[in-house]
Amino acid sequence: MSQHAHLPARFDHVGSFLRPKYLLEAREQKASGQITPEQLRLVEDKAITEIVKFQEDIGLKSITDGEFRRTYFHIDFLEQLGGVKTDIPVTIRKPDGTEELAPPVMRVIDKVTHAKQIQLADFQYLKSQVAAGNTPKVTIPSPTMLHFRGGRAGISKTAYPELDPEFYDDVAKAYGDELRSLAAAGCTYVQMDDTNLAYLCDEKMREAARQRGDDPNELPHRYAKFINKVVAQKPPGMLLAMHLCRGNFKSTHAAAGNYEPVAEALLKEMDLDAYFMEYDDARSGDFKPLRYLPKGKTVVLGLVTTKFGEMEDKDELKRRIEDASKYASLDQLALSPQCGFSSTVHGNNIAVEAQRNKLRLVVETAQEVWGST
């Protein structure tokens with residue numbers, strides 16, 4: 001059992017922000033060959049400097065780069081691991097006759113390795129922009145993302161005739177190498193973003209897992225052991241958190257359902273420091289699953305939606321925090337938006353000013369509930 005670290009404040013956020021128009025335009029210019037990757041990075045630097053100030057002006061204590069260097073919250077990281085390949089996106093025709101670009105699919109085609117330092121340079125720039133007293137936070141996808149979507153069929157049987165323990169050990173070692181690289185540069189806070197455990201709360205997703213040959217009742221416990229292999233390699237002094245996401249593409253969600261099917265594995269078996277759990281509407285169910293939260297860990301209640309601009313009522317937020325405290329101690333709770341504002345480059349259907357107002361609401365509400373710390 002690791003010694004659990006504490007969040008920088010009782011208010012936090014998941015990490016991604018709406019991209020400014022000039023950054024989106026620069027990304028398009030790079031894709032068409034009009035500017036170089038180096039020129040794009042300079043534009044990203046400018047945008048990150050601005051989003052750091054945006055966060056600090058609001059009063060946030062954990063500061064991210066807004067995921068401004070990414071297209072997708074997970075693929076841009078995972079495809080840089082050795083042994084992982086991303087298939088080229090294809091255009092699919094929907095039943096109504098319209099066309100859309102299907103999300104890229106990742107496959108494990110060889111042994112998974114930490115082929116290079118993935119977030120190091122990005123973290124170093126972020127750290128250089130963050131004011132003293134605040135904490136730069138790195139967001140990375142959960143290692144379970146390499147298994148759940150494709151299941152056994154998405155992982156080479158040549159490289160991994162058996163998944164357990166070789167595949168899980170190799171992925172955990174790659175993640176451990178990345179965490180050590182970040183820690184050596186001064187990183188003390190990493191958040192892993194995970195859709196899969198939240199998807200396993202949804203019967204449609206559970207059936208899809210069955211169709212891939214997995215048992216949805218067994219998977220959460222297997223993933224707990226998987227995550228703990230990563231936690232075992234966590235450098236001393238680093239806070240390791242997980243965000244549970246039900247989908248966040250252009251203000252849509254992909255899954256619904258109470259956390260009960262995964263709560264024990266998630267909260268009791270995983271040796272993480274903190275959990276960001278979505279509770280912004282009825283699709284997330286009640287707070288009863290929080291009864292599994294052991295002492296020393298924190299649940300960050302995602303009560304404020306990032307999908308739409310309508311503002312939540314502060315008194316209602318306080319009431320819901322009180323409801324949650326019936327199942328987990330108030331001292332083990334914190335407040336945040338339920339997800340990022342732009343998990344992919346496309347962004348949610350929300351205005352920049354609403355983004356600002358919702359984050360201020362989170363900070364103010366948390367300060368009134370827990371005090372200034």
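Keep in mind that what you see is a predicted model, and the values were worked out from it rather than measured. Computed from heavy atoms alone, side chains included, the values below leave out hydrogens, waters and symmetry copies.
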Trainee: Salt bridge check: are Arg210 and Glu207 linked by an N-O gap of less than 4.0 Å?
Mentor: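 A salt bridge is present here (some side-chain N lies under 4.0 Å from a carboxylate O).
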Trainee: Can the ring centres of Tyr259 and Tyr279 be said to be less than 6.0 Å apart?
Mentor: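 Close enough - the centres of the two rings lie under 6.0 Å apart.
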Trainee: Given 3.5 Å as the limit, does a donor-acceptor pair link the side chain of Glu178 with the main chain of Ile118, or not?
Mentor: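 Yes, because the side chain of Glu178 sits within donor-acceptor range (under 3.5 Å) of the backbone of Ile118.
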Trainee: If you define the side chain from C-beta out and look only at heavy atoms, does anything of Val352 sit under 4.5 Å from Gln355?
Mentor: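 The answer is yes, as the side chains (C-beta and beyond) meet within the 4.5 Å cut-off.
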Trainee: Verify the distance criterion only: is there a donor paired with an acceptor across the side chains of Glu67 and Thr139 at less than 3.5 Å?
Mentor: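 Yes, a side-chain donor-acceptor pair sits under 3.5 Å.
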Trainee: Is there a path of hydrophobic side-chain contacts, each under 4.5 Å between heavy atoms of I/L/V/M/F/W/Y residues, joining Ile75 to Ile109?
Mentor: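 Per the 4.5 Å side-chain linkage, Ile109 and Ile75 are not co-clustered.
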Trainee: I need the Glu44 CD to Arg70 CZ distance, nearest 0.5 Å.
Mentor: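 Going from the CD atom of Glu44 to the CZ atom of Arg70 covers 11.5 Å.
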Trainee: Give the other cluster members for Phe276, using side-chain heavy-atom distances under 4.5 Å between Ile, Leu, Val, Met, Phe, Trp and Tyr residues; answer none if it is isolated.
Mentor: Leu7, Val14, Tyr189, Leu239, Val300
Trainee: Tell me whether Arg41 forms a cation-pi arrangement with Tyr125, defined as NZ or CZ under 6.0 Å from the six-membered ring centre and within 45 degrees of its axis.
Mentor: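 Checked: cation-pi criterion not met.
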Trainee: Yes or no on salt bridge (Lys or Arg N to Asp or Glu O under 4.0 Å) for Glu322 and Lys318, after CA distance, side-chain angles and deciding distance?
Mentor: CA-CA 6 Å; Glu322 183 179 359; Lys318 291 179 180 178; over 6 Å; no
Trainee: Assigning hydrophobic clusters by single linkage (Ile, Leu, Val, Met, Phe, Trp, Tyr; side-chain heavy-atom cutoff under 4.5 Å), is Met238 placed with Met192?
Mentor: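 Yes: a chain of side-chain contacts under 4.5 Å links Met238 to Met192.
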Trainee: Do you reckon Phe11 sits in the same ILVMFWY cluster as Phe54, going by side-chain contacts under 4.5 Å, direct or chained?
Mentor: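 Linked within one cluster.
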Trainee: Say you draw a straight line from CZ of Phe123 to CD of Gln117; how long is it, rounded to the nearest 0.5 Å?
Mentor: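 Between Phe123 CZ and Gln117 CD, I get 12.5 Å after rounding to 0.5 Å.
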Trainee: Validate the cation-pi geometry between Lys358 and Phe341: distance from NZ or CZ to the six-membered ring centre under 6.0 Å, angle to the ring axis within 45°.
Mentor: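 Geometry flag: not set, cation outside 6.0 Å or 45°.
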Trainee: Taking the six-membered ring for Trp, are Tyr160 and Phe167 parallel (under 30°), tilted (30 to 60°) or perpendicular (over 60°)?
Mentor: perpendicular
